[in-house]
Protein chains: 2
Amino acid sequence: MSEGVEWALHSCVNLAWSGPDRAVSAARLAAWHDLPAAYLNKQLQALARAGILTSSPGPRGGFRLARPLASISLMDVVAAVEGPEEAFRCTEIRRRGPGAGDPAAEGADAADCAVAHAMTRAELAWRRALAAQNLDEIRQQAEQQAPEAAGRLRAWLAAQ
Amino acid sequence: MSEGVEWALHSCVNLAWSGPDRAVSAARLAAWHDLPAAYLNKQLQALARAGILTSSPGPRGGFRLARPLASISLMDVVAAVEGPEEAFRCTEIRRRGPGAGDPAAEGADAADCAVAHAMTRAELAWRRALAAQNLDEIRQQAEQQAPEAAGRLRAWLAAQ
DNA sequence: TGATTCTGGATATTTAGTATCCAGATTATG
DNA sequence: CATAATCTGGATACTAAATATCCAGAATCA
Ligand code: SF4
Ligand code: SF4
(Lines give C-alpha, C1' and ligand atoms only; values in the text may rest on other atoms or scores of the structure.)
(Ligands and ions follow the chains in the order given, each with its own letter.)
Protein backbone atom coordinates (compact mmCIF):
# COMPACT_ATOMS: atom_id res chain seq x y z
CA MET A 1 0.00 0.00 0.00
CA SER A 2 1.45 3.34 -1.02
CA GLU A 3 2.01 5.89 1.67
CA GLY A 4 -0.14 8.37 -0.22
CA VAL A 5 -3.05 6.76 1.62
CA GLU A 6 -1.77 8.03 4.92
CA TRP A 7 -1.18 11.49 3.46
CA ALA A 8 -4.65 11.59 1.97
CA LEU A 9 -6.36 10.56 5.18
CA HIS A 10 -4.57 13.18 7.24
CA SER A 11 -5.21 15.82 4.60
CA CYS A 12 -8.94 15.13 4.66
CA VAL A 13 -9.07 15.46 8.43
CA ASN A 14 -6.95 18.60 8.24
CA LEU A 15 -9.35 20.07 5.70
CA ALA A 16 -12.23 19.38 8.06
CA TRP A 17 -10.33 21.09 10.88
CA SER A 18 -9.48 24.07 8.73
CA GLY A 19 -13.14 24.95 8.49
CA PRO A 20 -15.74 24.61 5.76
CA ASP A 21 -15.30 28.05 4.21
CA ARG A 22 -11.63 28.13 3.38
CA ALA A 23 -9.84 26.25 0.65
CA VAL A 24 -6.32 25.10 1.52
CA SER A 25 -3.59 24.87 -1.08
CA ALA A 26 -1.63 21.68 -1.62
CA ALA A 27 1.52 23.57 -0.65
CA ARG A 28 0.15 24.44 2.80
CA LEU A 29 -1.28 20.99 3.42
CA ALA A 30 2.12 19.56 2.55
CA ALA A 31 4.06 22.02 4.69
CA TRP A 32 1.93 21.20 7.73
CA HIS A 33 3.38 17.68 7.84
CA ASP A 34 6.59 18.34 5.91
CA LEU A 35 5.56 16.34 2.85
CA PRO A 36 6.73 16.83 -0.76
CA ALA A 37 4.25 19.39 -2.08
CA ALA A 38 4.17 18.43 -5.74
CA TYR A 39 3.68 14.78 -4.96
CA LEU A 40 0.98 15.36 -2.36
CA ASN A 41 -0.70 17.52 -4.95
CA LYS A 42 -1.04 14.46 -7.17
CA GLN A 43 -2.77 12.52 -4.43
CA LEU A 44 -5.12 15.41 -3.80
CA GLN A 45 -5.90 15.54 -7.51
CA ALA A 46 -6.83 11.86 -7.33
CA LEU A 47 -9.13 12.60 -4.39
CA ALA A 48 -10.72 15.40 -6.40
CA ARG A 49 -11.24 13.13 -9.39
CA ALA A 50 -12.89 10.62 -7.06
CA GLY A 51 -15.32 13.25 -5.84
CA ILE A 52 -13.93 13.38 -2.30
CA LEU A 53 -12.47 16.86 -2.63
CA THR A 54 -13.19 19.84 -4.82
CA SER A 55 -10.44 22.02 -6.18
CA SER A 56 -10.31 25.62 -7.34
CA PRO A 57 -7.39 27.46 -8.93
CA GLY A 58 -6.21 30.95 -8.33
CA PRO A 59 -5.45 32.96 -5.22
CA ARG A 60 -7.56 31.84 -2.28
CA GLY A 61 -7.96 28.61 -4.22
CA GLY A 62 -6.96 25.14 -3.18
CA PHE A 63 -8.78 22.04 -2.00
CA ARG A 64 -11.81 21.58 0.20
CA LEU A 65 -13.99 18.64 1.17
CA ALA A 66 -16.69 17.80 -1.35
CA ARG A 67 -18.92 16.21 1.30
CA PRO A 68 -19.05 15.70 5.06
CA LEU A 69 -16.37 13.53 6.63
CA ALA A 70 -19.06 11.14 7.85
CA SER A 71 -19.89 10.20 4.28
CA ILE A 72 -16.28 9.41 3.31
CA SER A 73 -15.14 5.91 4.17
CA LEU A 74 -11.57 4.70 4.45
CA MET A 75 -12.34 2.56 1.42
CA ASP A 76 -13.22 5.64 -0.62
CA VAL A 77 -9.82 7.16 0.09
CA VAL A 78 -7.88 3.95 -0.47
CA ALA A 79 -9.65 3.33 -3.77
CA ALA A 80 -9.02 6.90 -4.91
CA VAL A 81 -5.29 6.78 -4.14
CA GLU A 82 -4.45 3.17 -4.96
CA GLY A 83 -6.61 2.68 -8.02
CA PRO A 84 -8.97 -0.17 -8.80
CA GLU A 85 -6.43 -2.99 -9.24
CA GLU A 86 -6.66 -6.07 -7.04
CA ALA A 87 -3.66 -7.05 -4.99
CA PHE A 88 -3.63 -10.58 -6.37
CA ARG A 89 -3.02 -10.68 -10.11
CA CYS A 90 -3.28 -14.08 -11.72
CA THR A 91 -0.65 -14.62 -14.38
CA GLU A 92 -2.21 -17.82 -15.72
CA ILE A 93 0.89 -19.94 -15.21
CA ARG A 94 -1.38 -22.95 -15.56
CA ARG A 95 -1.41 -22.27 -19.29
CA ARG A 96 2.35 -22.29 -19.78
CA GLY A 97 4.95 -25.00 -20.20
CA PRO A 98 4.45 -28.77 -20.35
CA GLY A 99 1.87 -28.44 -17.58
CA ALA A 100 -0.51 -26.60 -19.86
CA GLY A 101 -3.24 -28.96 -20.93
CA ASP A 102 -4.96 -29.05 -24.28
CA PRO A 103 -6.10 -25.44 -24.67
CA ALA A 104 -9.19 -26.47 -26.62
CA ALA A 105 -10.34 -28.95 -23.99
CA GLU A 106 -9.81 -26.53 -21.11
CA GLY A 107 -12.37 -23.81 -20.99
CA ALA A 108 -11.18 -22.94 -17.52
CA ASP A 109 -9.91 -19.43 -16.91
CA ALA A 110 -9.25 -17.35 -13.86
CA ALA A 111 -12.97 -17.06 -13.16
CA ASP A 112 -13.14 -20.80 -12.51
CA CYS A 113 -10.05 -21.01 -10.33
CA ALA A 114 -10.39 -21.74 -6.64
CA VAL A 115 -7.24 -19.76 -5.90
CA ALA A 116 -8.54 -16.68 -7.66
CA HIS A 117 -11.90 -17.10 -5.91
CA ALA A 118 -10.35 -17.33 -2.48
CA MET A 119 -8.10 -14.37 -3.10
CA THR A 120 -10.98 -12.27 -4.34
CA ARG A 121 -13.11 -13.25 -1.35
CA ALA A 122 -10.31 -12.25 1.01
CA GLU A 123 -9.89 -8.94 -0.74
CA LEU A 124 -13.62 -8.28 -0.49
CA ALA A 125 -13.47 -8.89 3.25
CA TRP A 126 -10.68 -6.31 3.43
CA ARG A 127 -12.68 -3.79 1.43
CA ARG A 128 -15.75 -4.31 3.58
CA ALA A 129 -13.76 -3.67 6.72
CA LEU A 130 -12.39 -0.44 5.27
CA ALA A 131 -15.81 0.66 4.06
CA ALA A 132 -17.22 0.17 7.56
CA GLN A 133 -15.26 3.08 9.04
CA ASN A 134 -15.69 6.69 7.99
CA LEU A 135 -13.42 9.68 8.35
CA ASP A 136 -15.57 11.40 10.94
CA GLU A 137 -14.92 8.55 13.36
CA ILE A 138 -11.23 8.98 12.65
CA ARG A 139 -11.50 12.71 13.31
CA GLN A 140 -13.29 12.16 16.60
CA GLN A 141 -10.67 9.78 17.85
CA ALA A 142 -7.89 12.11 16.76
CA GLU A 143 -9.51 15.02 18.61
CA GLN A 144 -9.78 12.91 21.73
CA GLN A 145 -6.03 12.34 21.69
CA ALA A 146 -4.98 15.82 20.62
CA PRO A 147 -7.80 18.25 21.35
CA GLU A 148 -5.66 21.25 20.46
CA ALA A 149 -4.74 20.00 16.97
CA ALA A 150 -7.61 21.65 15.14
CA GLY A 151 -6.99 25.03 16.78
CA ARG A 152 -3.28 24.82 16.14
CA LEU A 153 -3.90 24.12 12.45
CA ARG A 154 -6.32 27.01 12.11
CA ALA A 155 -3.93 29.41 13.81
CA TRP A 156 -1.05 28.31 11.60
CA LEU A 157 -3.15 28.66 8.46
CA ALA A 158 -4.21 32.15 9.49
CA ALA A 159 -0.57 33.13 9.91
CA GLN A 160 0.48 31.99 6.46
CA MET B 1 1.22 -9.17 -3.80
CA SER B 2 4.19 -10.84 -5.45
CA GLU B 3 3.51 -13.47 -8.05
CA GLY B 4 5.57 -15.95 -6.06
CA VAL B 5 2.34 -16.65 -4.19
CA GLU B 6 0.75 -18.08 -7.31
CA TRP B 7 3.85 -20.13 -8.05
CA ALA B 8 3.99 -21.48 -4.52
CA LEU B 9 0.32 -22.49 -4.49
CA HIS B 10 0.61 -24.36 -7.77
CA SER B 11 3.84 -26.00 -6.69
CA CYS B 12 2.24 -27.32 -3.51
CA VAL B 13 -0.66 -28.82 -5.43
CA ASN B 14 1.76 -30.24 -7.98
CA LEU B 15 3.76 -31.83 -5.17
CA ALA B 16 0.59 -33.44 -3.88
CA TRP B 17 -0.18 -34.77 -7.36
CA SER B 18 3.33 -36.08 -7.83
CA GLY B 19 2.76 -38.54 -5.03
CA PRO B 20 3.92 -38.71 -1.41
CA ASP B 21 7.04 -40.79 -1.98
CA ARG B 22 8.96 -38.79 -4.51
CA ALA B 23 10.77 -35.52 -4.00
CA VAL B 24 10.64 -33.12 -6.93
CA SER B 25 13.49 -30.77 -7.71
CA ALA B 26 12.94 -27.05 -8.07
CA ALA B 27 14.16 -27.32 -11.68
CA ARG B 28 11.38 -29.75 -12.60
CA LEU B 29 8.67 -27.87 -10.77
CA ALA B 30 9.76 -24.74 -12.64
CA ALA B 31 9.92 -26.45 -16.02
CA TRP B 32 6.38 -27.76 -15.63
CA HIS B 33 4.99 -24.24 -15.81
CA ASP B 34 7.91 -22.58 -17.59
CA LEU B 35 9.01 -20.53 -14.59
CA PRO B 36 12.53 -19.23 -13.81
CA ALA B 37 14.05 -22.12 -11.91
CA ALA B 38 16.47 -20.24 -9.68
CA TYR B 39 13.82 -17.77 -8.60
CA LEU B 40 11.17 -20.39 -7.93
CA ASN B 41 13.79 -22.18 -5.88
CA LYS B 42 13.92 -19.17 -3.57
CA GLN B 43 10.16 -19.31 -3.02
CA LEU B 44 10.37 -23.02 -2.28
CA GLN B 45 13.15 -22.35 0.20
CA ALA B 46 10.83 -19.90 1.93
CA LEU B 47 8.11 -22.55 2.07
CA ALA B 48 10.62 -24.97 3.54
CA ARG B 49 11.70 -22.46 6.19
CA ALA B 50 8.01 -21.99 7.04
CA GLY B 51 7.58 -25.71 7.59
CA ILE B 52 5.27 -26.21 4.63
CA LEU B 53 7.77 -28.21 2.59
CA THR B 54 10.79 -30.31 3.42
CA SER B 55 13.88 -30.28 1.27
CA SER B 56 16.67 -32.76 0.72
CA PRO B 57 19.81 -32.30 -1.34
CA GLY B 58 21.50 -34.75 -3.61
CA PRO B 59 20.30 -37.02 -6.39
CA ARG B 60 16.67 -38.03 -5.92
CA GLY B 61 16.46 -35.01 -3.67
CA GLY B 62 14.19 -32.01 -3.99
CA PHE B 63 11.10 -30.77 -2.22
CA ARG B 64 8.11 -32.57 -0.79
CA LEU B 65 5.13 -31.59 1.33
CA ALA B 66 5.86 -31.46 5.03
CA ARG B 67 2.21 -32.11 5.93
CA PRO B 68 -1.10 -32.93 4.25
CA LEU B 69 -2.58 -30.33 1.93
CA ALA B 70 -5.64 -30.11 4.15
CA SER B 71 -3.54 -28.65 6.94
CA ILE B 72 -1.98 -25.93 4.79
CA SER B 73 -4.06 -22.78 4.46
CA LEU B 74 -3.74 -20.12 1.81
CA MET B 75 -2.65 -17.82 4.62
CA ASP B 76 0.25 -20.12 5.47
CA VAL B 77 1.55 -19.88 1.92
CA VAL B 78 1.01 -16.14 1.60
CA ALA B 79 2.75 -15.51 4.91
CA ALA B 80 5.69 -17.71 3.93
CA VAL B 81 6.21 -16.02 0.58
CA GLU B 82 5.33 -12.42 1.39
CA GLY B 83 6.83 -12.16 4.82
CA PRO B 84 5.25 -10.81 7.97
CA GLU B 85 4.99 -7.13 7.05
CA GLU B 86 1.61 -5.47 7.04
CA ALA B 87 0.44 -3.79 3.85
CA PHE B 88 -0.20 -0.50 5.63
CA ARG B 89 2.94 0.98 7.09
CA CYS B 90 2.46 4.07 9.19
CA THR B 91 5.21 6.62 8.62
CA GLU B 92 4.17 8.83 11.52
CA ILE B 93 3.70 11.95 9.45
CA ARG B 94 1.73 13.36 12.38
CA ARG B 95 5.06 13.89 14.11
CA ARG B 96 6.68 15.95 11.39
CA GLY B 97 6.53 19.59 10.37
CA PRO B 98 4.60 22.42 12.03
CA GLY B 99 1.69 20.03 12.53
CA ALA B 100 3.66 18.02 15.06
CA GLY B 101 2.41 18.88 18.50
CA ASP B 102 4.48 19.08 21.65
CA PRO B 103 6.26 15.71 21.66
CA ALA B 104 6.27 15.58 25.43
CA ALA B 105 2.56 16.18 25.74
CA GLU B 106 1.66 13.63 23.09
CA GLY B 107 2.13 10.10 24.21
CA ALA B 108 0.15 8.96 21.24
CA ASP B 109 1.83 6.60 18.82
CA ALA B 110 0.62 4.33 16.05
CA ALA B 111 -1.01 2.02 18.59
CA ASP B 112 -3.44 4.77 19.57
CA CYS B 113 -4.29 5.86 16.03
CA ALA B 114 -7.74 5.19 14.64
CA VAL B 115 -6.32 4.97 11.13
CA ALA B 116 -3.80 2.33 12.10
CA HIS B 117 -6.51 0.47 14.02
CA ALA B 118 -8.89 0.42 11.10
CA MET B 119 -6.17 -0.67 8.69
CA THR B 120 -5.08 -3.46 10.99
CA ARG B 121 -8.66 -4.63 11.46
CA ALA B 122 -9.14 -4.74 7.69
CA GLU B 123 -5.94 -6.66 7.25
CA LEU B 124 -7.02 -9.15 9.91
CA ALA B 125 -10.29 -9.73 8.03
CA TRP B 126 -8.21 -10.45 4.92
CA ARG B 127 -5.99 -12.88 6.80
CA ARG B 128 -8.97 -14.67 8.30
CA ALA B 129 -10.51 -15.15 4.87
CA LEU B 130 -7.26 -16.63 3.58
CA ALA B 131 -6.86 -18.84 6.60
CA ALA B 132 -10.36 -20.24 6.08
CA GLN B 133 -9.44 -22.06 2.88
CA ASN B 134 -6.91 -24.89 2.69
CA LEU B 135 -4.93 -26.29 -0.19
CA ASP B 136 -6.84 -29.55 -0.31
CA GLU B 137 -9.99 -27.67 -1.24
CA ILE B 138 -8.01 -25.95 -3.97
CA ARG B 139 -6.73 -29.30 -5.20
CA GLN B 140 -10.23 -30.80 -5.30
CA GLN B 141 -11.57 -27.93 -7.34
CA ALA B 142 -8.62 -28.12 -9.71
CA GLU B 143 -9.17 -31.85 -10.22
CA GLN B 144 -12.80 -31.23 -10.98
CA GLN B 145 -11.85 -28.90 -13.80
CA ALA B 146 -8.89 -30.85 -15.14
CA PRO B 147 -9.17 -34.47 -13.95
CA GLU B 148 -6.25 -35.54 -16.09
CA ALA B 149 -3.80 -32.98 -14.68
CA ALA B 150 -2.43 -35.21 -11.93
CA GLY B 151 -1.84 -38.13 -14.25
CA ARG B 152 -0.20 -35.92 -16.84
CA LEU B 153 2.19 -34.51 -14.25
CA ARG B 154 3.16 -37.97 -12.96
CA ALA B 155 3.78 -39.24 -16.49
CA TRP B 156 5.91 -36.23 -17.33
CA LEU B 157 7.92 -36.59 -14.14
CA ALA B 158 8.55 -40.28 -14.82
CA ALA B 159 9.87 -39.41 -18.28
CA GLN B 160 12.37 -36.85 -17.00
C1' DT C 1 -1.75 43.12 -15.25
C1' DG C 2 0.44 40.10 -12.07
C1' DA C 3 0.42 36.75 -8.54
C1' DT C 4 -1.58 32.38 -7.01
C1' DT C 5 -2.99 27.89 -7.71
C1' DC C 6 -4.70 23.73 -9.96
C1' DT C 7 -3.91 20.44 -14.11
C1' DG C 8 -1.53 17.13 -16.32
C1' DG C 9 2.32 15.50 -18.89
C1' DA C 10 7.31 14.65 -18.89
C1' DT C 11 11.08 13.29 -16.50
C1' DA C 12 14.27 11.89 -12.84
C1' DT C 13 15.32 9.34 -8.62
C1' DT C 14 14.73 5.76 -5.38
C1' DT C 15 13.03 1.43 -3.88
C1' DA C 16 11.06 -3.04 -4.35
C1' DG C 17 10.41 -7.07 -7.11
C1' DT C 18 12.23 -10.22 -10.38
C1' DA C 19 15.98 -12.98 -12.12
C1' DT C 20 20.63 -14.88 -12.57
C1' DC C 21 24.96 -16.65 -10.94
C1' DC C 22 28.21 -18.93 -8.08
C1' DA C 23 30.71 -21.25 -4.27
C1' DG C 24 29.81 -24.39 -0.64
C1' DA C 25 27.38 -28.23 1.72
C1' DT C 26 24.77 -32.53 1.46
C1' DT C 27 23.37 -36.90 -0.32
C1' DA C 28 22.47 -40.85 -3.60
C1' DT C 29 24.68 -43.89 -6.69
C1' DG C 30 28.01 -46.85 -8.48
C1' DC D 1 35.79 -43.09 -2.81
C1' DA D 2 34.44 -40.27 -6.91
C1' DT D 3 30.90 -38.17 -9.31
C1' DA D 4 26.77 -36.04 -10.32
C1' DA D 5 22.59 -34.08 -8.55
C1' DT D 6 20.53 -30.98 -5.59
C1' DC D 7 19.61 -27.62 -1.90
C1' DT D 8 21.53 -23.22 0.59
C1' DG D 9 22.38 -18.69 0.76
C1' DG D 10 24.89 -14.67 -0.54
C1' DA D 11 26.11 -11.49 -4.28
C1' DT D 12 24.80 -9.32 -8.20
C1' DA D 13 22.12 -7.65 -12.14
C1' DC D 14 17.91 -6.35 -14.34
C1' DT D 15 13.14 -4.53 -14.41
C1' DA D 16 9.05 -2.42 -12.85
C1' DA D 17 6.81 0.44 -9.64
C1' DA D 18 6.70 3.99 -6.32
C1' DT D 19 8.32 8.36 -5.16
C1' DA D 20 9.63 12.99 -6.33
C1' DT D 21 10.53 17.00 -9.24
C1' DC D 22 9.77 20.13 -13.01
C1' DC D 23 7.40 22.80 -16.34
C1' DA D 24 3.96 24.89 -19.52
C1' DG D 25 -0.80 25.95 -19.68
C1' DA D 26 -5.34 27.35 -17.82
C1' DA D 27 -8.19 29.38 -14.32
C1' DT D 28 -8.97 32.75 -10.75
C1' DC D 29 -8.57 36.61 -7.83
C1' DA D 30 -6.96 41.25 -6.47
S1 SF4 E 1 -5.23 -21.99 -11.79
FE2 SF4 E 1 -5.87 -20.11 -10.69
S3 SF4 E 1 -4.02 -19.35 -9.64
FE4 SF4 E 1 -3.33 -20.86 -11.20
S5 SF4 E 1 -2.84 -19.64 -13.03
FE6 SF4 E 1 -5.02 -20.28 -13.25
S7 SF4 E 1 -6.27 -18.60 -12.32
FE8 SF4 E 1 -4.08 -18.28 -11.64
S1 SF4 F 1 -2.04 9.52 13.21
FE2 SF4 F 1 -2.20 7.34 12.58
S3 SF4 F 1 -2.04 7.37 10.33
FE4 SF4 F 1 -1.34 9.40 11.05
S5 SF4 F 1 0.90 9.21 11.22
FE6 SF4 F 1 0.06 8.68 13.25
S7 SF4 F 1 -0.25 6.44 13.27
FE8 SF4 F 1 0.06 7.06 11.07
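Since the model is a prediction, treat every value here as computed from it, not as a measurement.
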Indicate, yes or no, whether a donor-acceptor pair under 3.5 Å links the base of C:dG17 to the side chain of B:K42.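 Looking at the base of C:dG17, it does not pair with any donor or acceptor on the side chain of B:K42 (distance under 3.5 Å).
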For the residue pair A:H33 and A:H10, categorise the inter-ring angle as parallel (less than 30°), tilted (30 to 60°) or perpendicular (more than 60°).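 Perpendicular: the ring planes of A:H33 and A:H10 meet at over 60°.
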Could you label the plane-to-plane angle of the B:W32 and B:W156 rings as parallel, tilted or perpendicular, counting under 30° as parallel and over 60° as perpendicular?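 Ring orientation, 0 to 90° scale: tilted.
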What's the [atom1]-[atom2] distance between [X] and [N], to the nearest Å?
X: A:L40; N: C:dT7; atom1: CG; atom2: C1'; value: 15 Å
X: A:L44; N: C:dG8; atom1: CG; atom2: P; value: 13 Å
X: A:N41; N: D:dA24; atom1: CG; atom2: P; value: 17 Å
X: A:L47; N: C:dT7; atom1: CG; atom2: P; value: 11 Å
X: B:R49; N: D:dT8; atom1: CZ; atom2: C1'; value: 9 Å
X: A:Y39; N: C:dT7; atom1: OH; atom2: C1'; value: 17 Å

For the side-chain contact (heavy atoms from CB on, under 4.5 Å) test, which of A:L69, A:L74, A:V77 pairs with A:I138?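 When A:L69, A:L74, A:V77 are each tested with A:I138, the side-chain contact (heavy atoms from CB on, under 4.5 Å) holds only for A:L74.
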Residue of the set A:L53, A:T54, A:I72 for which side-chain contact (heavy atoms from CB on, under 4.5 Å) holds with A:R67: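 When side-chain contact (heavy atoms from CB on, under 4.5 Å) is applied between A:R67 and each of A:L53, A:T54, A:I72, only A:I72 qualifies.
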If you take any heavy atom closer than 4.0 Å to DNA chain C, which residues from residues 4-35 of chain B end up in contact?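 Contacts with DNA chain C under 4.0 Å: B:W7.
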Pair B:S73-B:D76, side-chain donor/acceptor within less than 3.5 Å: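 Per modelled atom types, B:S73 and B:D76 side chains form a pair under 3.5 Å.
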